[in-house]
> 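A single structure is presented below for examination.
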Amino acid sequence: MPELPEVETVRRGLAPWVEDATILSVRLNRPDLRFPFPEGLAAALEGRVVTAVRRRAKYLLMDLSDGRTLLSHLGMTGSWRFAEHPIDKPPRYYEPGTEPRHDHMIWELSHPRHGRSHLIYADPRRFGFIDLYDDVSTSPYLQGLGPEPLGNEFNAAALARAFRGRKAPIKAALLDQRVVAGLGNIYVAEALHRAHILPTIAAGTLVRADGRPKKALEDLANGVREVLIAAIEVGGSTIRDFRSVEGAGYFQHNFAVYDREGDPCPTPLCPGVVHRIVQSGRSTFFCPVCQKAP
DNA sequence: CCTACAACCTGACTGC
DNA sequence: TGCAGTCAGGTTGTAG
């Protein structure tokens with residue numbers, strides 16, 4: 001899935017075209033994604049205006065004119081895109097026999113300035129999901145999420161509070177959405193490399209005995225922020241099948257370590273080579289020379 | 001509290 | 001060309 005930069009890229013791509021648009025019709029091509037679609041989803045959406053497109057962690061939130069909010073998670077392979085073809089006679093979405101297999105939900109939109117369009121949610125692996133709330137802040141998915149890494153509450157002190165006493169490897173701890181919300185396998189690897197921290201060390205070793213953060217945690221908080229900002233600036237990463245609303249992102253060309261096993265470490269003057277190990281079943285990429293224990 | 005692993009799915013790629 | 005095996009950006013639940 002899309003991690004935070006990819007979801008933010010999707011949000012920015014959707015917002016200008018979807019905010020203020022009326023959902024004229026909703027077509028569901030199957031009953032479920034990872035979970036069943038909410039009861040009466042199509043009827044609940046039809047006739048509503050989308051008033052805002054927001055993001056929290058890796059969740060996309062669409063506020064509706066009746067006060068409800070649609071929450072969507074893209075899983076590993078979910079995407080929102082507009083139909084490429086001209087919209088003439090809805091609801092004839094595709095030529096017979098040419099319908100893409102994974103276009104699971106299609107909205108017909110009418111926008112006061114941009115006119116009509118079809119917005120499609122596709123998801124080959126169907127790890128994504130959609131839900132609808134009267135008050136989205138009550139959604140169990142949003143409960144317990146850590147701070148937004150680009151918000152004011154995220155800093156070294158927040159990391160120190162979360163990591164104090166924890167023996168889990170720092171890589172696993174950063175993937176924990178309760179610690180900081182929105183990081184995934186790619187950006188954890190990149191942030192740890194920027195901060196020159198070995199992914200295998202226990203998270204608690206970055207906290208001083210008095211509970212205050214060691215210098216390395218300042219570097220880590222900065223590394224997280226910097227890598228996310230840099231990725232958002234170029235539209236996120238496009239690997240395998242991720243696409244933003246408007247097309248490809250380019251951050252994959254800037255990976256320092258992710259999926260670069262055997263490549264020279266890009267840290268200036270570092271003679272190291274990128275290694276790959278497996279931690280809790282997932283690949284970790286790092287440089288064993290310039291990434292160290294504190 | 002911790003780790004490992006399986007499960008949910010399809011598609012892309014590798015090696016034989 | 002085909003086929004089996006492996007791996008993939010996430011989350012959740014289980015067992016140990």
Side-chain angles (χ1 to χ4, degrees), chain A residues 1-10 29-37 55-60 71-80 100-104 121-131 139-146 149 161-192 199-205 207 224 227-228 231-232 234-244 248-255 257-262 276-285:
Chain A
M1 149 194 221
E3 304 180 30
L4 187 153
E6 290 73 38
V7 180
E8 178 61 21
T9 297
V10 169
N29 286 332
R30 54 176 301 124
D32 56 13
L33 295 170
R34 177 172 182 168
F35 308 117
F37 286 119
R55 180 190 58 74
R56 170 73 169 114
K58 302 172 190 174
Y59 296 93
L60 199 65
L71 172 151
S72 90
H73 192 290
L74 300 174
M76 294 275 262
T77 54
S79 65
W80 288 92
R101 291 178 59 193
H102 304 304
D103 289 358
H104 306 310
Y121 180 86
D123 188 354
R125 290 175 78 178
R126 303 203 302 277
F127 287 178
F129 51 90
I130 302 272
D131 214 343
S139 166
Y141 300 117
L142 304 186
Q143 303 298 320
L145 284 177
R161 283 192 296 275
F163 289 164
R164 192 175 191 182
R166 282 190 69 175
K167 293 177 182 169
I170 183 71
K171 190 271 175 93
L174 273 181
L175 279 175
D176 186 340
Q177 302 297 298
R178 296 169 300 183
V179 170
V180 53
L183 297 182
N185 210 34
I186 291 177
Y187 296 104
V188 163
E190 294 296 312
L192 287 170
T200 49
I201 61 165
T205 63
V207 183
V224 166
V227 75
L228 295 179
I232 290 169
V234 296
S237 303
T238 299
I239 64 174
R240 284 168 279 276
D241 37 26
F242 170 74
R243 300 246 123 199
S244 70
Y250 295 95
F251 194 71
Q252 67 279 10
H253 302 301
N254 298 331
F255 289 163
V257 289
Y258 183 81
D259 206 20
R260 295 215 181 281
E261 183 179 18
R276 185 183 84 97
I277 59 173
V278 174
Q279 291 178 287
S280 42
R282 309 188 68 191
S283 288
T284 298
F285 298 90

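Not measured: the values here are computed from a predicted model. Throughout, a chain's letter reflects where its sequence line sits, starting with A, and its residues are numbered from 1.
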> For a quick check under 3.5 Å, do A/S283 and A/R276 share a side-chain donor-acceptor pair by atom type?
yes
> Give the rounded distance in Å between these two atoms: CG of A/D123 and P of B/dG11.
11 Å
> How far apart are the C-alpha atoms of A/R126 and A/R30, what are their side-chain angles, what is the distance that settles it, and do they pass the side chain to side chain contact (heavy atoms under 4.5 Å, CB included) test?
CA-CA 11 Å; A/R126 303 203 302 277; A/R30 54 176 301 124; 3.2 Å; yes
> Determine the interatomic distance between P on C/dC7 and the same-named atom on B/dA4; round to the nearest Å.
16 Å
> Would you kindly give the CZ-to-P distance between A/R125 and C/dG10, to the nearest whole Å?
10 Å
> Under 4.0 Å between a side-chain N/O of A/R126 and OP1 or OP2 of B/dT10, yes or no?
yes
> Could you check how far CE of A/M76 sits from C1' of C/dT6, rounded to whole Å?
13 Å
> Is any side-chain heavy atom of A/T77 less than 4.5 Å from a side-chain heavy atom of A/H102?
no
> How does DNA chain C read in dot-bracket, base by base from 5' to 3', with Watson-Crick or G-U pairs under 3.5 Å and | used when the partner is on another strand?
.|||||||.|||||||
> Nearest 0.5 Å, what's the CG-OG distance between A/D131 and A/S139?
6.5 Å
> A/R56 has an atom CZ; how far is it from atom P of C/dT11, in whole Å?
12 Å
> Looking at DNA chain C, which of residues 177-184 of chain A put a heavy atom within less than 4.0 Å of it?
A/Q177, A/G184
> Under 3.5 Å, which N/O atoms of the protein pair with N/O atoms of nucleotides 13-16 of chain C?
none

> Counting only side-chain nitrogens and oxygens, does A/S283 get under 4.0 Å of the OP1 or OP2 atom of C/dA8?
yes
> Please give, in whole Å, the distance from C/dC7 P to A/Y258 OH?
13 Å
> How many angstroms lie between atom OH of A/Y258 and atom OG1 of A/T284, to the nearest 0.5 angstrom?
10.0 Å
> Do A/R178 side-chain atoms and A/V180 backbone N/O form a donor-acceptor pair below 3.5 Å?
no
> Please list, chain by chain and in numerical order, all residues satisfying side chain to side chain donor-acceptor pair (under 3.5 Å) with A/Y141, sequence neighbours excluded.
none
> Whole-Å distance between C/dG10 C1' and A/L74 CG?
11 Å
> Using ring pair (Phe, Tyr, Trp, His ring centres under 6.0 Å) as the criterion, list what pairs up with A/F35, not counting sequence neighbours.
A/F129
> Using atom CD1 of A/I170 as one end and atom C1' of B/dC2 as the other, report the distance to the nearest whole Å.
15 Å
> With the side chain of A/R101 defined as its heavy atoms from C-beta on, choose the nearest nucleotide among B/dC9, C/dG10, B/dG11.
B/dG11
> Is there a side-chain contact between A/H102 and the phosphate of B/dC9, meaning an N or O under 4.0 Å from OP1 or OP2?
no
> What integer number of Å spans the P atoms of B/dC9 and C/dC3?
24 Å
> To the nearest 0.5 Å, how far apart are CG in A/N185 and CD in A/E190?
10.5 Å
> Is the side chain of A/R164 donor-acceptor paired with the backbone N or O of A/V207 at a distance under 3.5 Å, no angle test?
no
> Are the side chain of A/Q252 and the backbone of A/T238 linked by a donor-acceptor contact shorter than 3.5 Å?
yes
> What does A/Y141 touch in the nucleic acid at a heavy-atom separation under 4.0 angstrom: a base, only the sugar-phosphate, or nothing?
sugar-phosphate
> N/O contacts under 3.5 Å, protein versus nucleotides 3-7 of chain B?
unit_1, atom_1, unit_2, atom_2, d
B/dT3, OP1, A/P169, N, 3.3
B/dA4, OP2, A/S280, N, 3.4

> In whole angstroms, how far is the P atom of B/dC8 from the CG atom of A/D32?
13 Å
> Here's a test for you: under side-chain contact (heavy atoms from CB on, under 4.5 Å), which of A/L60, A/V10, A/L33, A/V7 qualifies with A/S72?
A/L60
> As an exercise, state the distance from NZ of A/K171 to CG of A/L183, rounded to the nearest 0.5 Å.
11.5 Å
> What distance do A/D259 atom CG and A/I186 atom CD1 have between them, rounded to the nearest 0.5 Å?
8.5 Å
> Do A/Y187 and A/V224 make a side-chain contact, defined as non-hydrogen atoms from C-beta onward lying under 4.5 Å apart?
no
> Is the ring centre of A/F127 under 5.5 Å from the base ring centre of B/dC8, and are the two planes under 30° apart, so that they stack?
yes
